[in-house]
Asks: 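One structure, as structure tokens, below. Some questions next.
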Amino acid sequence: MKKIILGVFTIFLFSSQCLAVEIDKNLGIGLILENEKMKFFQPMLKKELDELIGHKVNVKIDDKNVKVANWDKQAAIKQYAQLESSPGIDIIIAVGNLTNESIISERDFKKPTICFSDNKINNIQNINNLVYISNKPFEQEDFAKLNGIYKYKKLAIVSENEIIANTSPKYVLVRIDNLFQVLKQDKSIDAVYLGYLGAREGKYKKELISKLTKLGYPVLGSSTEDLKNGAYAVYASDTPLSVNIRKIATAIDAYLDGKDISRLDIKNENDKFLSVNLLTARIVNKIPTYDVLSEVVTYNETYDEDYETIDVKQAMLYALRNNLDVTSSKLQAQIAKRQSQLSKRAFFPSASVGTSFLFVNDIFTDFIPERTGILLPSINQLIYSDKAVANILNSKDILKAREYEKAREIINAIQKATLEYLNILKSENTQKIYRQSLAFSRKNLEIREKTQKIGQIPISDVYRWRSEYSGSKNDFIQASINTKQAKISLNNTLNKPLSTNFNLLDINLDDRTFIGFENQKIKKIVDNPLITNIFMDFLVEEAINTHPVLKSAQKRIDALTHLEKYYGRKNYIPDVALKGGMLNFMYQEGRGPFKKYDDTSFFLGAFLNWDLFDGDKSRINRKKVKLEIERLKIQKDILKNDLELNIRNAVLELVSKSFNIKLSKDSANNARENLKMVQKSYDIGKANISELLNAKDANIKADMQYLNSVYDYLLAVVDLQTNTGSFNLLLNEQKQAEFYKRFEKYLSDKQEKF
């Protein structure tokens with residue numbers, strides 16, 4: 001008996017292994033797609049299947065087995081029959097609304113079939129060899145959600161799918177071919193819903209949305225793709241296609257494990273969200289209130305193709321060109337340049353022409369003519385003046401000081417613009433975090449209100465969730481206001497009208513603007529405390545040698561030094577000048593002697609001028625200037641100490657922020673997973689509301705810490721650059737390489753001393 005059983009078991013095992021080998025060797029899949037644009041589905045599905053079941057079978061999706069129905073129901077039925085009869089096909093997958101309606105209407109499946117679409121198809125449970133996977137379809141009650149965003153009075157509904165069985169005065173069903181005729185006749189229609197349009201999906205639908213929007217109609221769409229194509233608002237799932245492809249792959253994997261495909265427990269409904277395209281809202285001039293915005297997902301919130309889009313480097317360059325403080329410092333430098341030019345003109349020759357007319361009365365006519373005209377041109381040339389030399393040297397140093405001050409203002413303006421740019425991005429991302437928190441609170445509130453009505457939870461939980469929901473909404477609205485304030489501040493720094501709208505490109509640690517300061521390059525510095533200290537010393541030396549604040553202070557000291565020397569020599573060194581001219585009697589008339597003088601006489605002379613005594617003013621001025629020089633030297637030492645302090649603090653801040661990025665990211669991931677676990681426990685009654693709210697607050701805090709860590713690191717980079725005074729952020733890769741090459745040499749020299 002044992003031998004018989006063993007023999008039967010051996011035969012069964014052998015036959016099972018043979019069957020497994022035959023199945024596992026190749027898995028042929030046939031695809032029926034709604035249209036040509038869906039061909040991207042094939043490689044995505046192949047990649048997912050290879051990763052999930054590639055160790056079990058060789059997945060084959062040959063091009064000849066990929067059919068395109070092109071919205072033709074009969075074609076879809078015929079293509080399905082071809083794939084079903086093909087011996088190389090083990091599983092058939094159909095994608096698209098009309099395609100699936102056609103195939104499922106046949107109700108007879110000889111091979112395992114997986115249908116995927118956005119449609120709601122009734123009475124398809126437990127059909128042999130069929131599994132249906134869908135996004136949550138749009139239904140009649142969903143119009144109430146859209147009406148919460150825009151209070152339309154009458155809605156025109158255009159859709160290939162049946163959505164409303166019983167119409168009401170608030171809705172009017174319209175065929176797409178006479179849509180504009182209906183809109184022209186019925187002026188009470190103030191919004192249009194565009195559902196699934198079959199063959200007219202894609203380019204035609206996008207153009208239709210654009211045309212309706214230009215006419216001022218808010219278009220309510222049926223998918224997130226509609227939102228991207230310009231629809232005013234949608235109520236749809238934003239679940240990525242990859243998620244649904246993974247569901248298909250999971251169903252195939254279960255089938256290979258011997259499970260009945262028609263009885264697989266696959267969750268077909270994905271959460272749907274209200275979403276608003278704020279660019280379209282601005283076009284149709286129907287901006288939702290803050291209260292509404294706090295409840296929805298926004299698209300194009302900060303982007304408008306009609307507005308200028310700038311990145312962080314452009315913001316820096318705008319600040320360099322337009323900032324008023326920079327403009328003022330440039331004018332001051334130009335004034336100093338003119339003053340320097342003016343001081344040099346003291347040694348340039350000067351020429352002048354004088355004329356005089358002399359009239360005398362009778363008493364003097366016996367000696368000179370009654371009327372005489374004289375012409376007196378002259379030339380002056382300063383040979384040497386200690387005061388003029390001191391003024392030239394002084395103005396030259398003042399000019400240099402002004403140029404360094406201009407460089408300082410440029411650095412300050414770039415720093416301010418960059419900080420404000422990052423603060424805007426930080427505020428925008430804070431909005432996203434609070435929006436997620438708000439959605440979490442809203443979802444829990446809706447569920448708890450329902451469960452409380454049937455007595456599953458106490459009313460106190462509902463009150464607590466209402467309070468939490470209100471607080472989350474307030475946080476979101478405040479974050480929205482903070483973003484607007486940050487944009488106004490950036491406009492002010494860039495000297496743009498404060499109401500100017502613009503789009504900002506987000507940045508991250510790999511942004512090319514911050515080349516040389518990404519984590520990979522700075523890791524060597526922050527990981528080793530000794531190298532960190534050497535890096536501080538290096539930056540301090542670089543700053544002392546190049547920082548415009550210190551150079552400006554030194555030039556002002558040099559300028560006063562020239563004056564101090566001048567006052568010391570003032571009473572000992574004369575001014576030397578030459579003067580020449582001509583005297584010409586142009587005419588003589590009237591009474592008196594008319595003895596004709598020579599028409600022209602010339603003269604040339606040298607002049608020396610000593611200030612032998614000026615009431616002791618020179619000595620007093622010299623002491624005064626000496627005191628001012630001492631004050632500026634002390635001020636320079638203070639600036640140097642502050643600079644070193646700021647640089648060392650900035651480096652340590654950079655080290656801290658660099659480590660904080662990874663730690664805060666791990667913390668955020670753990671807090672998120674913890675929230676999911678506590679939420680599940682709360683849903684089944686194993687955790688109380690306080691535990692869930694604590695987990696929620698911890699999740700928000702961790703998300704905020706990670707957000708802050710990224711932008712705070714970039715802010716620390718900007719702060720360090722500002723304190724070093726060179727702002728290498730605007731340098732190219734070659735300049736950055738030179739900077740690090742200098743540091744490598746400095747590091748090598750220092751290490752040799754240890």
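Starting from 1, each residue takes its place in the sequence as its number.
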Asks: Is there side-chain contact between Ile252 and Val59, with heavy atoms separated by less than 4.5 Å?
Replies: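 SC-SC contact between Ile252 and Val59 ruled out.
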
Asks: Has Lys205 got a side-chain atom pairing as donor or acceptor with Gly195's backbone, closer than 3.5 angstrom?
Replies: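 Looks like yes, one N/O pair under 3.5 Å.
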
Asks: Tell me, with the steps shown, if Leu83 and Gln79 meet side chain to side chain contact (heavy atoms under 4.5 Å, CB included).
Replies: CA-CA 6 Å; Leu83 293 173; Gln79 290 166 353; 5.6 Å; no

Asks: Evaluate the criterion side chain to side chain donor-acceptor pair (under 3.5 Å) for residue pair Gln42 and Asp63; output intermediate values, then yes/no.
Replies: CA-CA 9 Å; Gln42 178 184 352; Asp63 290 342; 3.1 Å; yes

Asks: Side-chain contact, heavy-atom cut-off 4.5 Å: Lys170 with Leu155?
Replies: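 No, side chains not in contact.
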
Asks: Establish, from distance only, whether the side-chain atoms of Tyr255 and Asp90 form a donor-acceptor pair under 3.5 Å.
Replies: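 Short answer, no.
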
Asks: Any idea which heavy atoms bring Tyr434 and Ala479 closest together, and the distance?
Replies: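 Taking Tyr434 first and Ala479 second, the nearest heavy atoms are CD1-CB, 4.0 Å.
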
Asks: So does Lys286 get a backbone contact from the side chain of Tyr232, meaning a donor-acceptor N/O pair under 3.5 Å?
Replies: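 Between the backbone of Lys286 and the side chain of Tyr232 there is a qualifying donor-acceptor contact (under 3.5 Å).
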
Asks: Quick check: closest heavy atoms across Ala76 and Ala69, and the distance to 0.1 Å?
Replies: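 Between these two residues, the closest heavy atoms are CB-CB, 3.9 Å.
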
Asks: Kindly indicate, with the supporting measurements, whether the criterion side chain to side chain donor-acceptor pair (under 3.5 Å) is fulfilled by Thr280 and Thr213.
Replies: CA-CA 7 Å; Thr280 303; Thr213 299; 5.3 Å; no

Asks: Salt bridge between Asp257 and Lys56, side-chain N to carboxylate O under 4.0 Å?
Replies: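 Here Asp257 pairs with Lys56 in a salt bridge, since their nearest N and O are under 4.0 Å apart.
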
Asks: Between atom OG of Ser427 and atom OH of Tyr711, what is the distance when rounded to the nearest 0.5 Å?
Replies: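 The OG atom of Ser427 sits 10.0 Å away from the OH atom of Tyr711.
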
Asks: Using 0.5 Å steps for rounding, measure from the NZ atom of Lys46 to the CD1 atom of Ile61.
Replies: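 Lys46 NZ to Ile61 CD1: 6.5 Å, rounded to 0.5 Å.
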
Asks: So, Thr113 and Tyr80: side-chain donor and acceptor under 3.5 Å apart, yes or no?
Replies: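 There is such a pair between these side chains.
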
Asks: Whether Glu51 and Lys47 form a salt bridge (side-chain N of Lys/Arg under 4.0 Å from carboxylate O of Asp/Glu) is what I want to check.
Replies: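 Yes, charged N to carboxylate O under 4.0 Å.
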
Asks: So, Lys696 and Glu468, do they make that salt bridge, N to O below 4.0 Å?
Replies: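 A salt bridge links Lys696 with Glu468.
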
Asks: Let me see the working for Met704 and Ile433 under side chain to side chain contact (heavy atoms under 4.5 Å, CB included), right down to the final yes or no.
Replies: CA-CA 7 Å; Met704 292 294 291; Ile433 292 174; 3.6 Å; yes

Asks: Taking the side chain as C-beta and beyond, is there a heavy-atom pair between Phe180 and Leu212 under 4.5 Å?
Replies: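 Contact flag for Phe180/Leu212 side chains = yes.
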
Asks: So Lys60 and Asn58, do their side chains get closer than 4.5 Å, heavy atoms only?
Replies: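 In short, these two side chains touch, coming nearer than 4.5 Å.
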
Asks: Measure across Tyr217 and Ile189 and return the closest heavy-atom pair with its distance rounded to 0.1 Å.
Replies: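 Taking every non-hydrogen atom into account, CE2-O, 3.4 Å.
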
Asks: State, to 0.1 Å, how close Leu227 and Ala233 come at their nearest heavy-atom pair, and which atoms those are.
Replies: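 Here Leu227 and Ala233 meet closest at CD1-CA, 4.2 Å.
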
Asks: Decide, yes or no, whether a salt bridge links Lys206 with Asp226 under the criterion of side-chain N to carboxylate O below 4.0 Å.
Replies: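 No, no charged N to carboxylate O under 4.0 Å.
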
Asks: Rounded at 0.5 Å granularity, tell me how far CD1 in Ile245 sits from OG1 in Thr250.
Replies: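 It comes to 11.5 Å.
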
Asks: Please check if the side chain of Glu84 supplies one atom and the backbone of Lys110 the other of a donor-acceptor pair under 3.5 Å.
Replies: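 Yes, the answer is positive, given that a donor and an acceptor are paired below the 3.5 Å cut-off.
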
Asks: Whether the side chain of Lys111 engages the backbone of Ile89 through a donor-acceptor N/O pair (distance < 3.5 Å, no angle test) should be reported.
Replies: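 Checked: pair present.
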
Asks: Rounded to the nearest 0.5 Å, how far apart are CD1 of Ile477 and CG of Leu438?
Replies: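 Between atom CD1 of Ile477 and atom CG of Leu438 there are 8.5 Å.
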
Asks: Below 4.5 Å, heavy atoms only, C-beta onward: do Ile248 and Phe41 meet side chain to side chain?
Replies: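 Side chain of Ile248 against side chain of Phe41, heavy atoms only: contact under 4.5 Å found.
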
Asks: Does some side-chain heavy atom of Ile92 sit less than 4.5 Å from a side-chain heavy atom of Ile114?
Replies: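 When only atoms from C-beta onward are counted, Ile92 and Ile114 do not touch, as no gap falls below 4.5 Å.
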
Asks: Side chain to side chain donor-acceptor pair (under 3.5 Å), that's the test. Do Gln436 and Asn699 meet it? Break it down for me.
Replies: CA-CA 11 Å; Gln436 293 169 358; Asn699 181 60; over 6 Å; no

Asks: How many angstroms lie between atom OG of Ser86 and atom CD of Gln82, to the nearest 0.5 angstrom?
Replies: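 Interatomic distance, Ser86 OG to Gln82 CD, rounded to 0.5 Å: 9.5 Å.
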
Asks: Are the side chain of Asn70 and the backbone of Asp72 linked by a donor-acceptor contact shorter than 3.5 Å?
Replies: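 No, the answer is negative, given that no donor and acceptor are paired below the 3.5 Å cut-off.
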
Asks: Please report the closest heavy-atom contact between Lys154 and Ser188, naming both atoms and the distance.
Replies: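 It is CD-OG, 3.3 Å.
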
Asks: Around Asn285, counting heavy atoms of other residues, nucleotides and ligands shown, do more than 12 lie under 6.0 Å from its CG?
Replies: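 Open: at most 12 neighbouring heavy atoms sit under 6.0 Å from CG of Asn285.
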
Asks: Could you walk me through whether Lys676 and Glu673 pass side chain to side chain contact (heavy atoms under 4.5 Å, CB included), step by step?
Replies: CA-CA 5 Å; Lys676 291 178 182 178; Glu673 291 303 315; 3.6 Å; yes

Asks: Verify side chain to side chain contact (heavy atoms under 4.5 Å, CB included) between Asp703 and Arg672, making sure each step is shown before the conclusion.
Replies: CA-CA 9 Å; Asp703 283 343; Arg672 198 172 299 115; 2.9 Å; yes

Asks: Hey, are the side chains of Leu220 and Val192 touching, using non-hydrogen atoms and a 4.5 Å cut-off?
Replies: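 Of all side-chain heavy-atom pairs linking Val192 with Leu220, none is under 4.5 Å.
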
Asks: Hey, does Leu208 have a side-chain heavy atom less than 4.5 Å from the side chain of Leu179?
Replies: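 Leu179 reaches Leu208 side chain to side chain.
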
Asks: May I ask you to decide if Lys64's main-chain N or O and Asp62's side chain share a donor-acceptor pair within less than 3.5 Å?
Replies: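 Pair absent, no side-chain N/O of Asp62 close to backbone of Lys64.
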
Asks: Can you label the angle between the Tyr152 ring and the Tyr171 ring as parallel, tilted or perpendicular, going by 30° and 60°?
Replies: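 Tyr152 and Tyr171: tilted rings.
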
Asks: What closest approach, in Å, do Lys153 and Asp190 show between heavy atoms, and which atom pair accounts for it?
Replies: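 Looking at all heavy atoms of both residues, the shortest contact is N-OD2, 2.9 Å.
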
Asks: Rounded to the nearest 0.5 Å, what separates atom CZ in Phe440 from atom OG in Ser472?
Replies: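 Atom-to-atom, Phe440:CZ and Ser472:OG are 9.5 Å apart.
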
